[in-house]
Number of protein chains: 2
Amino acid sequence: MKRNKHGCDLKSCFLCQLCSKDWLPALDTHRQSFHVNKGEMLFSEGSEVTGIYFIYKGTFKVHKKWTDDKELIVRLAKDGAILGHRGLGNDIYYPVSATALEPSEVCFIDLGFFQSTLKVNYQFLYELMMFFAGELKESEKRMRNLAHMPVKGRIAQALLSMHAKFGTTADGFIDINLSRQDLASYTGTTYETVFRIMNEMVQEGSLALQGKHICILDTNKLNEHAGE
Amino acid sequence: MKRNKHGCDLKSCFLCQLCSKDWLPALDTHRQSFHVNKGEMLFSEGSEVTGIYFIYKGTFKVHKKWTDDKELIVRLAKDGAILGHRGLGNDIYYPVSATALEPSEVCFIDLGFFQSTLKVNYQFLYELMMFFAGELKESEKRMRNLAHMPVKGRIAQALLSMHAKFGTTADGFIDINLSRQDLASYTGTTYETVFRIMNEMVQEGSLALQGKHICILDTNKLNEHAGE
DNA sequence: CGAGGCCTTGAACAAATTCAACAGAAGTGG
DNA sequence: CCACTTCTGTTGAATTTGTTCAAGGCCTCG
């Protein structure tokens, strides 16, 4: 496995892309690599913010607790993505948790050094600001959908966006390993409802299921529900 | 009314606060002041982003359309707040609209100059990034609440946050002029439901109503519904 | 191989929306 | 200034959507 100086060889990792060259050695000194097992929490809601993570390889769900048995998945993240940036700001506690959906590798940068990076690398700070702007837009769009779109549309939307983000395996199934439970948490509903609605979609011929794996057969039909 | 160089005398306006002194004259050249009537849109969803606004005086709702008769109010903003920052990013169209809830004064800065400001004023860029981080946290919290909290809790929450943000008039009523329709759009429900639930709250003695004006009598009782 | 978690299904239930109807307030235009 | 229209507020009843409860089967992991 090829790695560059600071342990990350991914084009999509904007930390790599945007830091000035002369900063990389310092970055390399300060980063730490971690392995995270499936189901393991990288950080958890309410715990103190110690730094920022970048996903080297793997998939994570970022989720926010409601009651003991209810949560909302706020974001799904994969290779190259930043994690823990919600810890920035006045509050020193993470407002969300991050859990690995598969065995993953991450790179950790402590908060102090991350902030120094921001000070020195204007371009990085600018991109980070833009990234936040994008996330905010996305979040507010999902918020509106959660408020007004019926469950079927939200599930259609979720499937389409997962399809777009994670692509498909060779045999056409969406390349992510997400339980129905998680899909429910992602769409703000219950797993029973997810199950029922996905069955409907299979009846309609827009979806094919094989165990927990999902294959989108008819994008148009899903789009009808998802709107726009 | 005292104004500083660029037409804004508010402590809470972080553009004023964070720009370097030598930048202010340039800022002054580029800003334009606008009056906005009650009910008038400052910018509307889908229209092209031309620049950034700061509220000099007044109140705005920032809202996102769903169908013709449904929307979600994403944010309420008052004196000193930034508006239109959701227009930053790759997309060149506003993802939301902003409508004045009362006669208001705003200050406009065209996008090109705003971006120059970001390049020159590191501190401002940093604060803007942090501001976005805060907004994102807030948004995701609201998203979770929308997904899992029953309507009564969401209304309680909304009232409490409006109380905190806008304060009260001399006679104790929340100092904002929001229709039930808008309150419904803010909490992601219908105006009939808002009405019924607020009646319940009056019965319980946690609220007093006088026309469209709302007075919180018992913060604790509301908090019971709002959780946390 | 046992236990716990996840999937599957049906039926009862509840929360909130929709529909309908009217009263009052606020604005509009002659 | 008054009639008219439109918007907001108020209320009850019907309806729908989605949740909750319950229970059995399956799969996986230790």
Side-chain angles (χ1 to χ4, degrees), chain A residues 37-40 61 66-73 99-103 144-158 176-203 207-214 225, chain B residues 37-40 61 66-73 99 101-103 144-158 173 176-203 207-214 225:
Chain A
N37 295 319
K38 180 176 173 174
E40 203 179 319
K61 63 171 177 179
W66 174 236
T67 51
D68 286 334
D69 51 349
K70 269 187 186 172
E71 60 172 18
L72 184 76
I73 294 181
T99 303
L101 294 174
E102 55 181 346
R144 184 208 51 188
N145 292 348
L146 215 38
H148 292 308
M149 191 184 269
V151 175
K152 192 164 189 175
R154 304 206 304 264
I155 292 179
Q157 179 111 96
I176 187 176
N177 198 322
L178 204 64
S179 72
R180 298 297 144 92
Q181 192 72 255
D182 280 338
L183 190 50
S185 299
Y186 191 52
T187 50
T189 182
T190 61
Y191 54 98
E192 292 100 324
T193 299
V194 166
F195 174 79
R196 283 185 251 266
I197 302 257
M198 294 221 319
N199 266 355
E200 274 181 46
M201 287 172 170
V202 171
Q203 299 306 312
L207 229 59
L209 299 178
Q210 200 171 94
K212 65 177 359 182
H213 299 291
I214 302 167
H225 297 296
Chain B
N37 294 318
K38 180 176 174 176
E40 202 179 322
K61 64 172 177 178
W66 173 232
T67 51
D68 286 335
D69 52 348
K70 269 186 185 170
E71 60 173 18
L72 184 76
I73 294 180
T99 304
L101 294 174
E102 55 181 347
R144 184 208 52 188
N145 291 349
L146 215 37
H148 293 309
M149 190 183 268
V151 175
K152 193 164 188 174
R154 303 203 308 261
I155 292 178
Q157 178 110 95
F173 293 91
I176 186 175
N177 198 323
L178 205 63
S179 71
R180 297 296 144 93
Q181 190 70 257
D182 280 338
L183 190 50
S185 298
Y186 191 52
T187 51
T189 182
T190 60
Y191 55 97
E192 293 100 323
T193 301
V194 166
F195 175 79
R196 283 185 251 265
I197 302 258
M198 295 221 320
N199 266 355
E200 274 182 44
M201 287 172 170
V202 171
Q203 299 306 311
L207 231 59
L209 299 177
Q210 201 171 91
K212 63 174 7 180
H213 299 290
I214 302 166
H225 296 296

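Order of the sequence lines sets the chain letters (A, B, ...), proteins ahead of strands, with each chain counted from 1.
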Interatomic distance where NE2 belongs to A:His213 and P belongs to C:dC6 [whole Å]: 16 Å
Contacting residues from residues 179-186 of chain B, given that a heavy atom lies under 4.0 angstrom of DNA chain C: none
Axis bend over the full length of the helix from C:dC7-D:dG24 to C:dG30-D:dC1, computed from five pairs that close each end, to 10 degrees: 40°
5' priority, DNA chain D, between B:Arg196 and A:Thr190 [closest heavy atom]: B:Arg196
Nucleotide D:dT8, atom C1' - distance to CG of B:Leu101 in whole Å: 15 Å
Heavy-atom check, side chain of B:Asn145 versus side chain of A:Trp66, under 4.5 Å: yes
Inter-residue atom distance B:Arg196.CZ - B:Thr190.OG1, 0.5 Å rounding: 7.0 Å
Polar pair under 3.5 Å, donor/acceptor by atom type, side chain A:Arg154, base D:dT17: no
Inter-residue atom distance A:Asn199.CG - A:Ile197.CD1, 0.5 Å rounding: 10.0 Å
Nearest listed nucleotide, side chain of B:Glu192, among C:dA20, D:dT19, C:dT8: C:dA20
Shortest non-hydrogen contact between B:Glu71 and A:His148, atoms and distance: O-NE2, 2.8 Å
Sugar-phosphate only, base, or nothing, as touched by A:Lys152 at under 4.0 Å among non-hydrogen atoms: nothing
Length of the line joining A:Asn177:CG and D:dC27:P, which is rounded to integer Å: 16 Å
Nearest non-hydrogen partners of A:Arg154 and A:Thr187, listed with the distance: NE-O, 2.8 Å
Taking every non-hydrogen atom, the tightest pair across B:Lys152 and B:Met201: O-CE, 3.6 Å
Minimum heavy-atom distance B:Leu146-B:Gly188, with the two atoms named: CD1-CA, 4.3 Å
Which residue lies more 5' along DNA chain C, comparing B:Thr189 with B:Lys38 via nearest heavy atoms: B:Thr189
Distance (rounded to the nearest 0.5 Å) between A:Phe195 CZ and A:Glu200 CD: 11.5 Å
Rounded interatomic separation in angstrom, taking CG from B:Asp69 and C1' from C:dC19: 13 Å
Nucleotide C:dC6, atom C1' - distance to CG of A:Leu178 in whole Å: 13 Å
Interatomic distance, A:Ile155 CD1 vs D:dT19 C1' [rounded to whole Å]: 13 Å
Shortest non-hydrogen contact from A:Asp182 toward A:Lys61: OD1-NZ, 2.8 Å
Candidates C:dA16, D:dG18, C:dC7 - which lies nearest the side chain of B:Val151: C:dA16
Whole-Å gap separating P (C:dA16) and CE (B:Met149): 12 Å
Any B:Asn199 side-chain N or O less than 4.0 Å from OP1/OP2 of D:dT11: yes
Minimum-distance nucleotide to A:Phe195 side chain [options: C:dT8, C:dT17, D:dT11]: C:dT8
Considering all heavy atoms, the nearest B:Val194-B:Thr189 contact: CG2-CG2, 3.7 Å
Nucleotide C:dA23, atom C1' - distance to OH of B:Tyr191 in whole Å: 14 Å
